[in-house]
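What follows is a set of notes on a single structure, which appears directly below.
Heads up: numbering here begins at 1 and tracks the sequence. Indexing begins at 1, ligand by ligand and atom by atom, following the structure's order.
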Amino acid sequence: MTPGSLGAALRAARSRLVQALGLDPSVAGLEAQMLLGHVLARPRAYLLAHPEAALTDADQAQFDTLLTRREHGEPIAYILGEREFFGLTLRVTPEVLIPRPDTELLVALALTLIPEGTTWEVLDLGTGSGAVAIAIAKQRPKAHVIAIDQSGEALVVARDNAHRHGATNLQFLQGDWFAPLGMGARFDVIVGNPPYIAEGDAHLFQGDLRFEPKAALASGAEGLDAIRAIASKAAQHMTPSGWLLLEHGFEQGAACRKILAEQDFQGIYSHCDLAGHERVTAGRLVGTQP
Ligand code: GLN
């Protein structure tokens, strides 16, 4: 491999990332390609097709800067400033949780419930980057989606993402869960990816999570405070036979089913993510609304 070539730079970068972060070499190689592609404003396919192409000193210097940030643990999504979710490229900043592939399950389940062409009302609680709300709004353009977050900084990012993707059937409100809604606001489907990690859980101090907003991750001693708060107030904002769908930790399925059962939800079911872990629990309140 010619010194100063793209191929040589990628190889060196891969070993740096393996060394610094203990990444699997294939993951480190992918991250190196994503960072160099970002510097050169070229797709990864270009890098792979042109391993002999020369890297300018300026590009090498910029690549080094990004690699150093990554070596210090900064999430790749924050360095690149974007992340792919449900086929959408979303802007992400340290003010928002990085959208996860697991959360695509939440969107997919919501879409199975919301018939195409219906003007259903959909609510996304704790929208963060807007990932879930925008994905639903784009897939169901006739539906009306409201997305709430308590963080004004997150809503700036979410609104920007909605604008980038031309999601016009979507409205953002700031506040604590249901608080910004009027008394009469009722939804056919309520979705949420609330914080659900237990305070003090070791994961909060590892990997990407160290850099993400704590308020989007941790929620009480068992990680269930937000889920309890949402479940206890959902009835006031659901249409008869409306659905509540909540993402949760991979070991929280049973606890979430219990929380929903205590609030008189019916048809309670936990759906598994691609790794086979219970990840989203759903329920409805047929005919029991106040
Ligand atoms: N799924 C994330 C994680 O475990 C947590 C997201 C959340 O708390 N909503 O890394």
Side-chain angles (χ1 to χ4, degrees), residues 21-24 27 31 70 73-80 83-86 90 92-110 123-136 147-151 153-155 157-158 161 175-178 190-231 234 244-257 259-260 270-282:
L21 299 170
L23 296 180
D24 183 86
V27 174
E31 291 199 354
R70 184 66 188 119
E74 196 174 336
I76 192 110
Y78 290 155
I79 298 174
L80 300 175
R83 173 54 49 100
E84 198 85 13
F85 179 82
F86 217 83
L90 298 173
V92 294
T93 70
E95 281 72 42
V96 301
L97 186 83
I98 300 166
R100 312 281 205 271
D102 294 337
T103 306
E104 293 182 340
L105 173 67
L106 183 62
V107 174
L109 290 170
L123 177 65
D124 176 27
L125 294 170
T127 198
S129 65
V132 169
I134 296 167
I136 294 174
I148 295 177
D149 206 285
Q150 65 176 8
S151 159
E153 285 105 344
L155 288 177
V157 178
N161 279 322
D176 191 21
W177 306 131
F178 299 95
I190 299 177
V191 295
N193 174 20
Y196 52 68
I197 299 176
E199 305 270 359
D201 186 302
H203 289 103
L204 294 170
F205 310 101
Q206 292 165 11
D208 285 3
L209 279 71
R210 293 168 294 167
F211 293 79
E212 295 182 282
K214 181 112 186 302
L217 291 167
S219 189
E222 306 157 288
L224 292 168
D225 286 9
I227 289 173
R228 272 201 195 93
I230 291 170
L244 174 66
L245 296 164
L246 292 177
E247 179 175 326
H248 50 74
F250 74 106
E251 291 174 323
Q252 292 174 330
C256 286
R257 291 193 294 277
I259 290 169
L260 292 197
S270 298
H271 300 261
C272 290
D273 60 22
L274 288 175
H277 298 128
E278 288 178 341
R279 180 62 66 186
V280 173
T281 293

So if I count the atoms of ligand 1 from 1 in the order they appear, which ones are less than 4.0 Å from some heavy atom of [X]?
X	result
Asn193	7 (C), 9 (N)
Leu209	10 (O)
Ala216	7 (C), 8 (O), 9 (N)

- Item | Expected output: side-chain Asn161 to main-chain Ser129 donor-acceptor under 3.5 Å | yes
- Please answer whether the main-chain N or O of Ala226 pairs with a side-chain N or O of Ser219 as donor and acceptor at a distance below 3.5 Å. yes
- Note on the structure: for atom 10 (O) of ligand 1, nearest protein heavy atom and its distance come out as Arg100 NH2, 3.0 Å
- Task: Give the residue and atom name of whichever protein heavy atom lies nearest to atom 4 (O) of ligand 1, and the separation in Å to one decimal.
- Result: Ile197 CD1, 3.9 Å
- Query: Excluding sequence neighbours, so at least two apart, what forms ring-ring contact (aromatic ring centres under 6.0 Å, His included) with His203?
  - Reply: none
- Could you give me the CA-CA distance, side-chain angles and deciding distance for Glu247 and Arg100, then say whether salt bridge (Lys or Arg N to Asp or Glu O under 4.0 Å) is met? CA-CA 11 Å; Glu247 179 175 326; Arg100 312 281 205 271; over 6 Å; no
- Note on the structure: Taken to the nearest 0.5 Å, the spacing of Leu97 CG from Thr127 OG1 works out to 11.0 Å
- Between Trp177 and Pro194, what is the shortest heavy-atom contact and its length? CH2-CB, 3.9 Å
- Should one rank Pro194, Gly249, Pro195 by closest heavy-atom distance to atom 9 (N) of ligand 1, which comes out on top? Pro194
- Query: Has ligand 1 got any nitrogen or oxygen that is less than 3.5 angstrom from a nitrogen or oxygen of Tyr196?
  - Reply: yes
